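Since the model is a prediction, treat every value here as computed from it, not as a measurement. Lettering follows sequence order; numbering is per chain, from 1.
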Number of protein chains: 2
Amino acid sequence: MKKIPLLLALAGLTAAALAASPGAARTKASQAAKASKAAQAPKPARLLSAAEVLQASPAADWRGLDPQNTLLMELASGQVLIELAPRFAPAHVANIRALARGGYWDGLAILRVQDNFVTQWGDPDGEDAAKARPLPAGAAPRLPAEFSVPLDSIGQAAGFARLPDVEGWAPRTGFAGGFAVAADPRTGKAWLAHCYGVVGAGRSDAPDSSNGAELYAVIGQAPRGLDLNITAVGRVLKGMELLSALPRGTAAMGFYDKPEQRTAIQRVRLLADVPDAERPTLQVLRTESATWARLLDARRHRGGWFVHSPGYIDVCSASVPTRPAPDAAAQAPK
Amino acid sequence: MKKIPLLLALAGLTAAALAASPGAARTKASQAAKASKAAQAPKPARLLSAAEVLQASPAADWRGLDPQNTLLMELASGQVLIELAPRFAPAHVANIRALARGGYWDGLAILRVQDNFVTQWGDPDGEDAAKARPLPAGAAPRLPAEFSVPLDSIGQAAGFARLPDVEGWAPRTGFAGGFAVAADPRTGKAWLAHCYGVVGAGRSDAPDSSNGAELYAVIGQAPRGLDLNITAVGRVLKGMELLSALPRGTAAMGFYDKPEQRTAIQRVRLLADVPDAERPTLQVLRTESATWARLLDARRHRGGWFVHSPGYIDVCSASVPTRPAPDAAAQAPK
């Protein structure tokens, strides 16, 4: 029997990306560019595949993790690394640091998994005043809403790499410090776009009712309707599949019916509080780098398996690559 | 301790949707409409919540399943119902019917789960000519690419409900027969948009190398870059969580390393071949109905928990509701 057709396309930008067929891609790209609002996107002299772009990336285009802004969540199934976004939610990030340092989440649980929406964790007894776990010293019980920040603070001078591609959810999108960002020059606001893997702080009806103790991660189609309605605090860098592949809850909104269906959280620490030798040594591609711009272009203009190039990308359709930090010895000057 | 904030927003349009706060929503909506390309979207005289819209929906706005165009896949964990799209992929749908009638998938397996991309199933031995399962009588080994159809065939006369909301992936989007559709009047083509839950036919490098025996379902952010590159054949109507919550494969592209990691497919039948008494009696909201238009509007202009209305929706951010068919007795004339 003939070779079974396997779907070869890749969703993310990873080093395993397919090699492109540059000749074919160039033809397709020029057709797509004519037809697309992304025509103003700069095109490289020669189209490279995502894999080629990553292979050619200089070490300076990668950065390490900031220990003060990285959470390490330990589940029985493995580790989840979350990068916090203090430029977008300074009060929530400060509170989350205090919660982690106070061991707040240790022994708590994942309470809710709603298909194509969010995985959410916190205190199963949080709604019962008599049984709820007290917040540790230094953690505030409620915080002001941090749904947006001034666009000036995230502007191009501050490293905001704007996408030329037009979308409908916001007049402007791009990347800043590794995060997908949306903005509106008319209101002067910028905010974290709710893309796959974004982590936010659950709230009840009052906009200032969140404190970061109850967190969720997006596990489906970007719920951009949440933008400007809730405080996003960061994004999952590693271990996303440990949150996205959990059984969906069958009660309303994906909550688990029974306590035994929940996933226990063993421990959550700020990376700064993890001994050096135990810290994951992940690197993140700088979204201010030429490599990132080239990767986005490799996604707009595709070759190889692809017979059609979209000539377009949206801010939630490309995830910022990570990689294991190169071996320290290999990095040493020769 | 205070009530823990729970994330109340809903991703899908379901009967469990929140009640809106119409006054607040109206104000927000008018602001958003000014700021949005969706300003031309018709607004109802009074804004209703999604739940209210669904409650008020007349029976005529719902339809049953077409037994000739519905697949029933049985896993140990439950049933997956897939609605096929013969208007978009007639040759593939005909082949899939022949494959199901020949019991092709019975005892085969889910082979690949790549996070934020696809779950894929077929013959684990498909690439080994000596061991591959033969195709049943009437099933072709390869088919012409069905990446698009003439826009005329899916035009407004044929029930294409166009969205006023502008997006970047395609010049035109909307819904037809329950499916999210994208189109380009300049090329005269229309195609199924690769949204969450869409099912497609895996192929190798040649565009005409698919036959529908190897299928995938989208389990993450809509991979719209696949549009016009592969044949989409339908969408999951029910049981999506049985495909999306599977453990991710750890080999390249999310394939499972070991045979025992795969999920066995017990049986796949065309609904027409399932005895009447065993058929699931799901109903699907007609995307040509006024109820669907009102639901989309309820998503654009939100109240209640929401303090900001996007005034916008994209074709992959709203899933067409299903419901258990009302009891036959309750439906009888009184």
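Contact of A:Leu228 with chain B is made through backbone and side chain together, with heavy-atom distances under 4.5 Å. Contacts of B:Pro247 with chain A are made by backbone atoms alone, with heavy-atom separations under 4.5 Å and no side-chain atom involved.
Residues meeting the side chain to side chain donor-acceptor pair (under 3.5 Å) test with A:Thr187, sequence neighbours left out: none. Listed by chain and residue number, B:Asp314 satisfy the side chain to side chain donor-acceptor pair (under 3.5 Å) test with A:Trp169 (two or more places apart in sequence, or in another chain).
Ion pairing between a basic and an acidic side chain is recognised when a charged N comes within 4.0 Å of a carboxylate O; A:Asp165 and A:Arg300 show such pairing.
The cationic group of A:Arg133 does not satisfy the cation-pi geometry with A:Trp105, failing either the under 6.0 Å distance to the six-membered ring centre or the 45° limit from the ring axis.
Most heavy-atom pairs under 4.5 Å with chain A, from the set B:Arg224, B:Arg248, B:Glu241, B:Gln221: that is B:Gln221.
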